[in-house]
**Student:** 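I have a structure here, written as structure tokens, and I will follow up with some questions on it.
Note that the structure is a prediction, hence the values are computed from the model and not measured. This chain uses plain numbering: 1 for the first residue, then up along the sequence.
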Amino acid sequence: QVQLVESGGGLVQPGGSLRLSCAASGSIFRIGVMGWYRQAPGKERERVATITNGGNTNYADSVKGRFTISRDNAANTVVLQMNSLKPEDTAVYYCNADIVSGAYYRPLFNYWGQGTQVTVSS
């Protein structure tokens with residue numbers, strides 16, 4: 001069984017920073033792309049940033065220059081550093097990863113974390 005556990009959400013004032021972390025645990029043989037998504041009230045879930053196991057990153061236009069995604073392949077973790085936060089960044093943030101678990105020959109399966117609330121407000 002694989003789990004993704006997020007931490008680091010909270011309330012922050014506009015212009016502030018937050019750091020989200022996500023740790024994957026369980027019977028993990030390989031992790032492919034890891035990423036962060038978010039869902040604001042009344043809106044669809046959207047991609048924020050992704051990173052391959054080789055370190056290639058991709059960001060939504062709305063967060064470019066403000067957010068940085070990174071990962072530690074040895075620790076099976078992914079981090080989202082969020083700077084210059086805006087009220088429109090308020091959402092539940094979800095960790096996502098493609099993981100081979102159980103046995104090396106099994107296919108990649110997509111997993112989601114439980115989500116962590118980020119609120120940007122004065």
**Student:** Output yes when a side-chain donor or acceptor of Asn53 lies under 3.5 Å from a complementary backbone atom of Asn73, and no otherwise.
**Tutor:** no

**Student:** Within the structure provided, determine whether Pro87 and Pro14 are in side-chain contact (heavy-atom separation under 4.5 Å).
**Tutor:**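 Sidechains of Pro14 and Pro87: in contact.
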
**Student:** If we only count heavy atoms from C-beta on, is the Leu20 to Trp36 side-chain gap below 4.5 Å?
**Tutor:** yes

**Student:** Report yes or no: is the cationic atom of Arg30 (NZ for Lys, CZ for Arg) under 6.0 Å from the centre of the six-membered ring of Tyr104, at an angle within 45° of the ring normal?
**Tutor:** no

**Student:** Okay, side chain of Arg45, backbone of Tyr37: is any donor-acceptor separation there less than 3.5 Å?
**Tutor:**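 No; judged by distance alone, with no hydrogens or angles, the pair does not exist.
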
**Student:** By side-chain contact (heavy atoms from CB on, under 4.5 Å), which residues pair with Ser70, not counting sequence neighbours?
**Tutor:** Val79

**Student:** Tell me every residue that passes side-chain contact (heavy atoms from CB on, under 4.5 Å) with Glu46, counting only those two or more places apart in sequence or in another chain.
**Tutor:**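 For Glu46, the residues satisfying side-chain contact (heavy atoms from CB on, under 4.5 Å) (neighbours in sequence not counted) are Arg38.
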
**Student:** Who passes side-chain contact (heavy atoms from CB on, under 4.5 Å) against Thr57, sequence neighbours left out?
**Tutor:**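 Counting only residues at least two positions away or on another chain, Thr57 forms a side-chain contact (heavy atoms from CB on, under 4.5 Å) with Ile51, Tyr59, Ile69.
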
**Student:** Using the ring of each side chain (for Trp, its six-membered ring), is Phe67 parallel, tilted or perpendicular to Tyr93, with breaks at 30° and 60°?
**Tutor:** tilted

**Student:** Going by atom types alone, do Glu44 and Gln39 pair a side-chain donor with an acceptor below 3.5 Å?
**Tutor:**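 No, no side-chain donor-acceptor pair sits under 3.5 Å.
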
**Student:** Is there a donor-acceptor pair under 3.5 Å between the side chain of Gln81 and the backbone N or O of Arg19?
**Tutor:**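 Judged by distance alone, no pair lies under 3.5 Å.
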
**Student:** Using a distance-only test with no angle check, is there a side-chain donor-acceptor pair under 3.5 angstrom linking Asn83 and Ser17?
**Tutor:**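 Asn83 vs Ser17: donor-acceptor pair found between side chains.
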
**Student:** Counting only N and O atoms by type, is there a donor-acceptor contact under 3.5 Å from the side chain of Thr90 to the main-chain atoms of Val120?
**Tutor:**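 Side chain of Thr90 to backbone of Val120: a pair is present.
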
**Student:** Would you say the side-chain atoms of Arg66 pair up with the backbone N or O of Ser84, donor to acceptor, closer than 3.5 Å?
**Tutor:** yes

**Student:** Answer yes or no: is there a donor N or O on one side and an acceptor on the other, between the side chain of Gln117 and the main chain of Gly9, under 3.5 Å?
**Tutor:**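 No; judged by distance alone, with no hydrogens or angles, the pair does not exist.
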
